Amino acid sequence: MNLVVQTLADGLVLGGIYALAAVGFSLIFGVLHVINLSHGILVLLGAYLALILSTSLRIDPLLTMPAVMAVLFVVGYAYQRLLIQRAVDRSPLGSMLLTFGVALMLQNTMIWVFSPDMKSITPGYALASFKLGAISFDAVRVSCLLASLVMLCCLAALLKFSALGRVIRATAQQTLAARLCGVNVRHVYALTFAVSAAFAGASGIVIGIILPFSPADEGTWTLNAFVVVVLGGVGSPAGALIGGLLLGMVSTLTAQYIGPSFPNVTMFLLLVLLLLVRPQGLLGNAFAPSR
Amino acid sequence: MTQKPAAFVAVILGCAVVLALAPLVLPPFYVRVGQLMLYSAGLAVAWTILGGFAGYASFGHAAFIGVGAFAAGLAEERLAGLPPALLLPIGMLVGGLACAILSAVVAYPILRLRGTFFAIAMLGVCHVCAELNNNIDALQGSLGLNFPAVAPAAWDPAVFFYELYLAAGVVVFLIAWQIQRSRFGAGLLSIREDEDTARMLGVPTERYKRIAFVASAVLTGLLGVIYAHSLGYITTDSVYRDDTNLSLIVYSLLGGMGTLFGPVIGAFTLVFITQVVLARLLDFHLFATGLLLVLLVLAAPGGVLGFVKSWRQRRRAAATAPAE
């Protein structure tokens with residue numbers, strides 16, 4: 001019994017982090033209709049930046065979050081304006097391959113700059129843990145989960161209440177109508193991309209604290225984001241949260257009860273199953289182009 | 001060209017004969033490069049039956065290379081006593097059959113998805129196959145499989161496999177050509193252009209898609225069987241490769257999506273660039289591939305053939321304009 005609860009608790013923590021890692025991907029997908037295959041690179045960029053900042057300034061890695069997000073915001077804005085905008089209204093395959101090309105280039109650059117070795121961020125409280133009843137929690141993981149949830153709430157509030165959020169939602173719903181109402185769609189696209197990149201960077205910090213990372217991991221994080229978005233639904237933080245939690249649970253349960261090498265199998269079976277019965281995701285709006 | 005099928009076949013066979021004689025004069029390194037070019041071109045054409053003609057771009061065709069290779073290898077291991085000349089055809093039969101069954105089963109759910117969803121779901125299929133292959137001990141994915149040497153003793157194995165790839169490539173190409181000029185091919189084209197309208201006009205879209213998927217998968221699997229034999233020893237990682245998944249899209253994109261010659265041009269060009277031009281810059285490979293992708297999407301979204309076509313149209317427009 002304890003094992004079940006412990007597994008579920010681990011899945012919950014992991015799921016919260018998956019959700020944060022996927023929310024930017026989801027936003028870009030929902031607003032620009034671009035599958036950003038360089039998402040994993042942005043996540044790793046956040047992790048490496050946090051590693052450099054926290055070791056050079058000797059501060060807690062979670063405190064580097066504002067700086068990392070600011071850098072990635074700028075990077076994301078420029079990336080969208082300079083490259084993605086040129087392919088955004090063409091075939092979906094075009095923009096997908098463009099971002100894949102960028103991912104390959106940046107992965108190669110990261111290997112040169114940061115070496116292909118595994119790195120990890122270790123905060124001072126790395127080994128602390130506490131117990132709640134019979135279930136044990138690592139302090140690191142819980143603080144990361146909390147950080148993820150806070151960030152998700154911030155993004156949800158940003159989208160719901162701010163002027164920027166309103167414009168982003170309008171563009172996602174009806175690009176043409178938004179343009180007719182005087183929205184500068186290119187600017188909104190770029191801002192959306194910038195916000196997404198900033199959140200990818202924030203998730204990179206959290207991931208870097210919990211798991212070791214290397215430049216070769218970027219594909220995993222892109223794929224995870226895709227699965228989370230398909231499971232939860234496109235374009236909303238709540239959808240990403242649901243999808244992330246589901247994915248976290250499924251992968252820890254599979255690893256515990258079926259075998260440590262099978263999470264991908266169950267993950268993709270779940271994905272295909274869900275695409276078939278509910279293509280818009282658990283919480284999403286109807287997303288016509290999926291079938 | 002399509003008006004005179006006999007002439008077309010003659011030209012293709014003529015090219016094939018020239019290519020078949022090439023190993024006589026080429027140094028061994030270029031025979032290997034040629035092998036890879038022909039193998040990639042064969043795969044690219046097989047991919048394009050589904051991805052180019054019907055517009056269902058698969059991101060996971062390496063699944064069929066892997067399944068074909070492992071099915072053939074496991075079968076040949078059980079029949080190790082037979083003469084090598086028999087083993088290769090048996091292997092191809094088993095590998096092709098395995099791919100046919102897998103693709104026919106997978107086709108039902110997967111082909112309901114469109115566009116990027118289909119592409120990524122196929123990537124999922126590839127990863128699932130690879131993972132199952134790697135983790136189920138009876139399939140020997142992590143241990144590896146040995147393949148018998150099938151090249152006749154009198155032949156240099158490199159030349160033998162070069163000719164084998166060439167023959168397979170020509171067969172795949174002619175099959176794709178026949179598909180393209182048939183009623184079935186026209187149906188696939190209508191699916192690519194507008195699937196709902198095609199369906200409304202009475203094109204049996206589901207059946208056509210399924211046939212194209214199975215045909216593409218089987219041809220890919222057969223090439224995978226040959227590939228495994230030319231390697232001699234495979235593990236999961238050497239056949240279920242994500243860079244193959246990507247390359248297959250890039251070949252068509254580079255040459256011209258949806259055309260018959262595009263994938264061939266794309267495969268030849270890209271293999272030549274990566275194997276010969278960039279051969280000394282291994283650290284630079286990922287970066288160069290990425291850069292090429294970015295430039296392609298930005299500068300020539302129609303590929304080489306699309307570029308030539310638009311250039312011709314512009315010239316014709318320029319030639320007729322002054323008459324007004």
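Per chain, numbering begins at 1; letters A, B, ... match sequence-line order. These numbers were taken from a predicted model, which means no experiment stands behind them.
For chain A, no part of B:A130 is nearby; none of its heavy atoms comes within less than 4.5 Å. For a residue to count as touching a neighbouring chain, one of its non-hydrogen atoms must lie under 4.5 Å from one of that chain's; by this rule A:L37 touches chain B with the side chain only.
A 4.5 Å side-chain heavy-atom check between A:L223 and B:L123 finds at least one atom pair inside the cut-off.
Residue with the most contacts toward chain A among B:T289, B:I120, B:I249: B:I120 (heavy-atom pairs, distance under 4.5 Å). Note: A:I35 leads A:I35, A:I111, A:V227 in heavy-atom pairs under 4.5 Å with chain B.
The salt bridge (charged side-chain N to carboxylate O under 4.0 Å, His left out) search around B:D243 returns B:R241, not counting sequence neighbours. With sequence neighbours left out, B:E195 forms a salt bridge (charged side-chain N to carboxylate O under 4.0 Å, His left out) with B:R114, B:K209. Applying the side chain to side chain contact (heavy atoms under 4.5 Å, CB included) test to B:L246 and every residue at least two apart in sequence or in another chain returns A:L97, A:F100, A:L104, B:F59, B:V250, B:L293.
Taking non-hydrogen atoms and a 4.5 Å limit, the residue list of residues 74-82 of chain A in contact with chain B is empty.
Summarising the geometry of B:F287 relative to A:N108, their closest heavy-atom pair is N-OD1, 2.7 Å, with the distance given to 0.1 Å. Contact detail for B:E131 and A:V265: the closest heavy-atom pair is OE2-N, 3.3 Å.
Residue A:Y257 qualifies as enclosed at atom OH: its count of foreign heavy atoms under 6.0 Å is above 12. No more than 12 heavy-atom neighbours from other residues, nucleotides or ligands sit within 6.0 angstrom of CD on A:Q174. The local environment of CG in A:D117 is crowded, with over 12 non-hydrogen atoms from other residues, nucleotides or ligands closer than 6.0 Å.
For the atom pair CG (A:L106) and CG (B:L286), the distance works out to 11.0 Å, reported to the nearest 0.5 Å. Between atom CE of residue A:M105 and atom CG of residue B:L291 there is a gap of 4.5 Å, rounded to the nearest 0.5 Å. Within the model, atoms CG of A:L98 and CG of B:L295 stand 10.0 Å from one another, a figure rounded to the nearest 0.5 Å.
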